[in-house]
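What follows is a short report on a single structure.
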Amino acid sequence: IDMAPTGGTPVKGGTVTMALPPAATPNWIFPIGPPGFSATYNSSLQALFFMPVYDAVQKGSDLVPTGPGTLGRKPVYSDGDKTVTVPLRTDIKWSDGTPVTARDIEFWFNMVKADKADWASYTVGTMPDDVKKFEIVNDHTIRLHLDRSYNPDWFTANQLTLMRALPQQAWDAKTDGGRIGDWDRTTAGAKAVFARLTAHSKNLGSYGSDPLWQTVDGPWKIASWRDTGQVTIVPNPKYTGTQHPHLDRVVFKPFTTADSEYNVMRSGGVDYGYIPPSVLAQKAQFEKRGYRIAPWTGWAVSYIVYNFNSTHAGPEMSQLYIRQAMQHLVDQKGMSNVVWQGSAKPTLGPVPAYPKTQYLSPAMARNDYPYDVDAARKLLTSHGWTDRDGQAVCTRPGTGADECGAGIKKDEPLKLTLLSQSGSTETTNMMQVLKSSLSKAGIDLTVRQQPLNSVLGNSVPCEANDPGCDWDMSFFGTAGSWYFPLNPSGEELFSTGASANFGNYSDPKADKLIHAVLYSSDPDAMHAYGEYLARQLPVMWMPNPAYQVSVIRNDLRGVEQNPTATFSPQSWYYVKKGAAQ
Amino acid sequence: MTGFLVKRLLQALVVLFLVTIIVFLLLHALPGGPARAILGPKGTPQQIAHFNEVQGYNNPLPVQYWDYLVRLFHGNLGESYKLNESVSSLLGQRLPKTLILTVLATIVAVAVAVPLGLLQAVRRGKPADYLLTAGAFLAYATPVFFLGLILIIVFSQAIPIFPAEAPQGTSIGSIFSGFSGMILPIATMALGIIAMFSRYMRSATLDNLTEEYVRTAMAKGQSSRRILAKHVLRNALIPLVTLLGLYLPTLFSGALVVESMFNYPGMGLLFWNAAQGSDFPVLLGVTLVVGVATVVGSLVTDIVYAVLDPRIRSVS
Amino acid sequence: MSEPLLSVDDLHVEIASRDRTVHALDGVNFDLAPGEALGVVGESGSGKTMTALSLLGLLPSGGSVTRGSVRFDGDDLIAGGDRKLRDVRGNTMGVVFQDPLTSLNPTMTIGAQVAEPLLLHHDIGKKEAWARAQDMLGLVGMPQPAERMKNYPHQLSGGMRQRVAIAMALVCEPKLLIADEPTTALDVTTQHQILELIDDLRSRLGMAMILVTHDLGVIANRVDRVAVMYAGKIAETAGVRSLFRAPRHRYTEALFAALPEKAVIGATELRTIPGLPPNLAVEQHGCRFAARCAYATDVCRTEEPALTGDDHAFACFHPVPLDAADPLDDVAPGGQRHTPAVTSGAPLLEITDLRKDFPLRGGPFARGRGTVSAVGGVTLTVRKGETFGVVGESGCGKTTIGRMVAGLEDPTSGSITFEGRDLATMTRAERRRHRKSIQLMFQDSTAAMDPRMRVGTILREPLVIQGAGDRAEQDKIVAELLDAVGLPRGAVDRYPHEFSGGQRQRLGLARALTLSPELIVADEPVSALDVSVQAQILNLMRELQRDRELTYLFISHDLAVIRYLADTVGVMYLGKLVECGPADQVYARPLHPYTRGLLDTVNVPDPEAAGDGGTPLGGETPSAANPPSGCRFRTRCPIAQDICAKVEPAVTTPAGEGHQVACHFPLAGGALQDAA
Amino acid sequence: MSVISPAVAPGHEEAAQATPSLARRTVQVFTRNKLALAGVVVLVLLLLFCYVGPLVHPTDQVHTDLSQASLAPGAPGHLLGTTDLGYDLVGRLMVAGQSSLEVGLAAGVLATLFGTVWGAVSGYFGGWVDAVMMRVTDAALAIPAMFLLVVVSAIITPSKTILILIIAAVAWLSPARLVRGEALSLRDREYVQAMRMMGGGGARAVFRHIVPNAIGTVIVNATFQVADAILYVSYLAFLGLSIPPPATDWGSMLSSGITYTQNGYWWMIFPAGIAIVLVVGAFNFIGDGLRDAFEVRLQKK
Ligand SMILES: Nc1ncnc2c1ncn2[C@@H]1O[C@H](COP(=O)(O)OP(=O)(O)OP(=O)(O)O)[C@@H](O)[C@H]1O
Ligand SMILES: Nc1ncnc2c1ncn2[C@@H]1O[C@H](COP(=O)(O)OP(=O)(O)OP(=O)(O)O)[C@@H](O)[C@H]1O
Ligand SMILES: [Mg+2]
Ligand SMILES: [Mg+2]
């Protein structure tokens, strides 16, 4: 059988039913999502109707911001990287016939500026705060005047990608049925318009019929949107771009659990679905039945957070040699292959190692801490730890090179507590494997399983001896710990005091390197940052699970599984008759 | 009759009030509150603060509870954090489905359990009785999810005759149009109920068989079969109504597991998902509705019982 | 004698359960002519019910006829099998059971239940069956039969339910009616009405009847012939007059002798039958009564006597000689009794205008309003050393008075004074200490003793609670008590359920005595017992009273028992004390029409005395929740006048000090005729 | 004393002999119930398996061995194969059984104790105490157990003690209601009245009369409670609340085995599932037998 993901002779038409991830119900259409409504499946769908200005596009193995589906063309940085000029494609029209212009992006910018608190992607100091002035150069060019110099790669990848063109001519009214005008140009007007659009977006059941959402510039438009989250899209007949859909319709089907999806998958109810990693062992069966299995690698890293301020193990966590010993005890390969059935990939540093993009240097693709119990034991013994009945105990306290380190008392055992997310067999198993291998070096790990929410709630940055700072490690990476935007910069994770720096990692050198990634124009800043942190182990690197293990009908081709977890059904096609349903 | 109703209603109100308190307190025991769950690891401290501000989580608990009650009083159950829908509209879609599932399962269960129980009572101490008793206890001893799993493995995988997923349509009609999908969920739910009800029927029938009116009926020349059908069955069935009332919570519990197993978009599933995502308004709303359903259900069964049983009916 | 309607020959019935087989009937023979009425009497467990049930093939599970035949109306019912039996049941043979509540289906209407036999046996439509059922209900004296057809059993009173049961049995106009204790659960007056009704219907329909009862009074007045059963056999059978005049079997004789009516009032001890009936689960040899018979010889223990004789047959080797005195000769209605000295004793207990209202109970839908006036203002005095008997129909408030005196219930109003002290004014501690002066003896000692405690613990409990003595002293007291009530000392290690009813009643008495009380309130202490056992308990109570100077407040609905035991009698009706006075006076010359009616209603165990005038009580007791205005008895009173509805009669003493009555028109000569 | 003839004695002796002691009767009736006996046998076998088994068949249930993961039954040294982390399945069943039984027993007993006290107090004192206590019970009952457990499972970090507490918190309601009913009827029994008439107080009534007489109900209920508690343990595992690894219980084994349903790894599902059914069934059989045995005593009048 022809198993190729591409090629073959496309057949016009057909319907594809795609399974949405467990418990994912698309529920927000207005492209400025409020906090809590910014899930990937929402933005992915929005991008089908409203063409993104910039997006993570896979080009070879690299990820780049522009492609045939983006409205923007390559941005131009000037003025010492303090000004950026964005040229737009000129051939794109809204479905009502109006061309898509710079005014439409200004409309977006005004909305976001006036209502940034209600925008999920907003963080203080970044978009729109970092844009001092928004300038329309002409109908198809905008220019942003920035508050300082930025690393162009970072700014395009992580800031400009947030930009959207919205149909100002259709949406810019303060009330339903009110006059369309330039209301967005005043803050109050923008707020009113924003409020109206948000209100419409809150009416889930009406997405399919609300004329507001029928003005689109993307290749697709909504056919129906059920309040259970099932979305059906059909090609936008007025689409003026280059990527015209081959299919007649695509149905996105929500599922509450992976198991239920799997059951439907088996009965042929979806054309593009996924299976639990455990079922990968049955790969051949699916292939026999006309499906191909394609793990969808996510643009993410997974790790266990170390709490450097932990009340009782903070001093241990602060010792690099201990972190190194522990990293040596993480059998990432074994976990990936057995626990995840090969669907996970080892995490080697703060930059995703798969796919191998331009952000990864050869040094970063090397595992500096392979699974090695002896190396781990050696690290510990050489720093004054002794194995007593299977429990490592500090016998040489002190700050010398061969001593345990600052704050570690004599006879202190190496006992750690790990908060781990519950509800996933794979995670539970990984933690068991970890516990088992740590014990081989005398490290006693207590795994406390909690629901994801509790883990997140409990592993907040804290100070030693504060109540609630008694956790030493924390894991919430069943579905990947951290998904990056296009540019895998780690400023939110590892810079001192950052919002997602749950373990209070603080290293001046790391801060400096992160600064460089954001603000210098050095193209290698990312490599320097990645290589340093990979070795410094601000967290314990863990296998990074696939976004999902996709199962795709063999005759469905053109499916590209973008690591940022967006999808573009416009490039999907069937190769022979047999479109489902 | 009205006095009784008023008293029972007052009791029910007190009970519901306590229910809301219990759930409210439980939810607020959640570390980090719902903000983290809703906003995820990427949620910034500002967003979390904003969320808590908007949702009123910064107020002291009693104030929050009071606000909740006030909103409740205005018929406002709140908005789901996750589903972009009001809790009442969610409930409006989901509750009927759960009701259909539970009602169908109960009907099936009663239809099977009653004759089974009668048979056991008549064959008391015989192999059939032992066999059915053992069967009933084992069915009862099987966790619902294990039972469902076995049914799926057998009837959906080994011999694929029934789908492993319940009908997904939003409308009630879709349930009946895709009814084959309902067979396994209903069977899973019904088996456990059958186990309990057949035990009940057995002992109720045995109790009634020792009643003197049975002897009277025999003394009239009535045949055993007709005595069972005409006299005993009726007397044994009436209290079954009360039993149904007592079983409501168990039924709902079963529905929760079955719905999440078979992906049946009812209230149980809604609750399950809401719990995974700390969707407080939904959790509170569903619990409240389930509590109301349970309390009202037992009230109704009490009344139905009283209406069916002439001994109580005519006292009014 | 013409061809018998029913002929029972050598009937053996066994009831097998897992660990034992009871030989319930062991060769029962009797014939019944058409239209004849046979009474079956005997102690509890003698096989009366089994006899009746085996005729219909309605034995309990495990029961079977192992030998013998039952020929009825030309058919062999044993050989005929189930089909034949079903044909006969309810059709040519009707049956009425003891408990009218449980023997009716609670969820079927009266009409449906009465019509059921017609639909089964007669080829008629539902409409006609209902019409005939309604006629039948009219015939059994059911008021407004048309409405009653739609009612459910619980909506009727006990008497009415029994009428329904009779209607059900008679609706197909059977040739034989079997009535198993049809009136035992009913009040004297209702009992009288039901028996009258059966008599009447029997003569109208020309049925034969088998009346099963343990009440010799009922038997004496209602049947042609009597069969006395003992331990699964017929001991004696004869015409009713012949049997009562000259019983031949020693068991029959002993039974008669144990009747309280028999004793010379207040003076003699009752005669008793020692021991218990034999255990029917073990093989029996010889005469079954031998073990308890004073006349038994060796032959009695080894050989089984046969039932011989024609009209008066008996199975006894040493029958009562024919010239013996009539055992009922001693019964002297209205006879004088010695006036006991105690009537002049100091007042021990004084009750003044005592009232008790209970909130009305009902189903869940009933409004929680209204009260039941269980005791509606009772004043009485109990003197030290006497026995004060309280009689009255069911529900008249006897028990409630007893419970208030014993402190188990608080009066709604009125006062109870004991030895001059008002109980209401006592402090908690005083009351606690006072408790031991008044003790209550329950009707059902089974329910009154913790089933999980050994007898020793039960008897010691009062001492433990009152903190009397150490363990050894307590054990000593318990042992003495057991001696006193005639139980072996080894009883302390047994559980209550291991004793017979009579023995348990002794235990109850022993416990009541533990704290050496002055007053014992005995609430129907013998009404659940057989005559022979009843005699034992009554004797024991008298003996203890003498030895320990006890005072009894003795509650009973049995006029004969009260008459035997009591010095003073209080007659209650619907929460009121209507008459009160020395027992002999009250019995000989009642002043209140109710007392008169009650006395006339009682079945005297003497066929000769049956039907000698008097006006038995009619109607039913009104509800205590809504008692009639004025005199509560007026609705049933034959001599009631307008004033009775308006003014509550005051207590007067028309017949001299000490004999009080609350009636506007007290009877002058003790008879109703005189008043009218 | 002529009335009390010595002839009473033989009759009495006979009556005493005819009724063997309470305990013996109870045992007799119980052993007559074949299912109850089967329950005892199964339970004893399971206990032996869980507690003696590890001595006979020692396995490492602490360290994972990924190289031995998911071996099918019959693999050398692994009669029933291995789990997804390479634990020997037979050995795993043993340790899991220990936790299931311990948690179930502890929770069942705790629930029964608490429920009995709650019910006895509520029933004996009656009035508003009863009203308040019963409304609380009603409220707790009105939230179906699973709903409560789902919420709790979103909050709690499990450990054995916590599981026991959670289960007991859900399960105490039924014994409470039952015992309350008993207490309500028992406090009006004539023997309690008789005792009060002698001057006895509430404590005596409760502890000497009410509780001992409700003990049959309580014991029978406790048996069913243990059965239910073991079921609850499995439901908690299904909800993701299980004893922290490497410790495990049958419920966790079953629910993690479910992951492998599609792989045909039946040995990870059925042994644990069947063990649960067997042990819960056994307790139910025993409870049923006990109920019969106690009821016989009650029927005996
Ligand atoms: N269901 C039963 N199982 C076993 N033995 C029974 C059963 N019913 C009655 N017996 C026994 O059969 C014998 C006769 O009982 P029966 O009921 O005929 O007595 P009875 O004369 O009607 O007594 P009572 O006056 O108490 O009604 C008794 O020894 C009794 O113990
Ligand atoms: N606890 C109670 N609550 C309500 N009503 C009661 C209560 N106890 C007795 N009664 C009612 O009070 C009235 C008198 O009852 P009581 O038991 O004193 O009568 P009794 O003369 O002893 O009758 P019996 O001969 O049937 O024992 C009856 O109508 C009864 O229904
Ligand atoms: Mg009888
Ligand atoms: Mg009474």
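Since the model is a prediction, treat every value here as computed from it, not as a measurement. Below, read A as the first sequence line, B as the second, and so on, with proteins coming before strands; counting in each chain starts at 1.
- Atom CZ of B:R123 is surrounded by 12 or fewer heavy atoms from other residues, nucleotides or ligands within 6.0 Å.
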Are B:V144 and D:F238 close enough, and set up right, to give a side-chain contact (heavy atoms from CB on, under 4.5 Å), and what steps lead you there? CA-CA 10 Å; B:V144 175; D:F238 176 70; over 6 Å; no
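- Here B:W272 contributes atom CH2 and D:M146 contributes atom CE; the two are 7.0 Å apart, rounded to the nearest 0.5 Å.
- Heavy-atom pairs under 4.5 Å with chain B peak, among D:D228, D:V152, D:L149, D:L148, at D:D228.
- Residues D:I269 and B:F146 are in side-chain contact: their nearest non-hydrogen atoms beyond the backbone lie under 4.5 Å apart.
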What do the steps show when you test B:L256 against D:V150 for side-chain contact (heavy atoms from CB on, under 4.5 Å), and what is the final call? CA-CA 10 Å; B:L256 190 148; D:V150 167; 3.8 Å; yes
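- B:I22 approaches D:A139 most closely through the heavy-atom pair CD1-CB, 4.3 Å.
- More than 12 heavy-atom neighbours from other residues, nucleotides or ligands sit within 6.0 angstrom of OH on B:Y57.
- Proximity to chain B at a heavy-atom threshold of 4.5 Å picks out nothing from residues 172-184 of chain D.
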In sequence, state the C-alpha distance, the side-chain angles, and the governing distance for D:S234 and B:F145, and then conclude on side-chain contact (heavy atoms from CB on, under 4.5 Å). CA-CA 9 Å; D:S234 75; B:F145 63 95; 4.0 Å; yes
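- Looking at B:V19, both its backbone and its side chain come within 4.5 Å of chain D, counting heavy atoms on both sides.
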Residue pair D:D288, B:R199: steps toward the side-chain contact (heavy atoms from CB on, under 4.5 Å) verdict: CA-CA 11 Å; D:D288 199 47; B:R199 288 302 294 162; 3.1 Å; yes
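- How far OG of B:S298 is from CG of D:L141: 9.5 Å, rounded to the nearest 0.5 Å.
- Using a 4.5 Å cut-off between heavy atoms, D:L35 contacts chain B through both its backbone and its side chain.
- Judged by distance alone, with hydrogens and angles left aside, the side-chain atoms of D:Y235 form no donor-acceptor pair with the main-chain N or O of B:V257 at under 3.5 Å.
- The shortest distance between side-chain heavy atoms of B:V290 and D:P144 falls below 4.5 Å.
- Within residues 136-143 of chain B, the residues having any heavy atom closer than 4.5 Å to a heavy atom of chain D are B:F137, B:L138, B:Y140, B:A141, B:T142, B:P143, listed by residue number.
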Taking only distance into account, with no hydrogens and no angle test, what donor-acceptor pairs under 3.5 Å do side-chain atoms of residues 274-286 of chain D form with protein atoms, sequence neighbours excluded?
unit_1	atom_1	unit_2	atom_2	d
D:N284	ND2	D:V280	O	3.2

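- With contacts defined as side-chain heavy-atom distances shorter than 4.5 Å, the pair D:T261/B:I153 qualifies.
- Evaluation of the side-chain contact (heavy atoms from CB on, under 4.5 Å) rule for B:L132 yields B:L116, B:L119, B:Q120 as partners, not counting sequence neighbours.
- Ring geometry, B:F252 versus D:F147: the interplanar angle exceeds 60°, so the pair is classed perpendicular (tilted spans 30 to 60°).
- For B:I150, the part lying under 4.5 angstrom from a heavy atom of chain D is the side chain only.
- Within a 6.0 Å sphere centred on CZ of B:R124, heavy atoms belonging to other residues, nucleotides or ligands number 12 at most.
- Of the two parts of D:A227, neither the backbone nor the side chain holds a non-hydrogen atom closer than 4.5 Å to a non-hydrogen atom of chain B.
- The residue among B:S253, B:P249, B:A134 with the most heavy atom pairs within less than 4.5 Å of chain D is B:S253.
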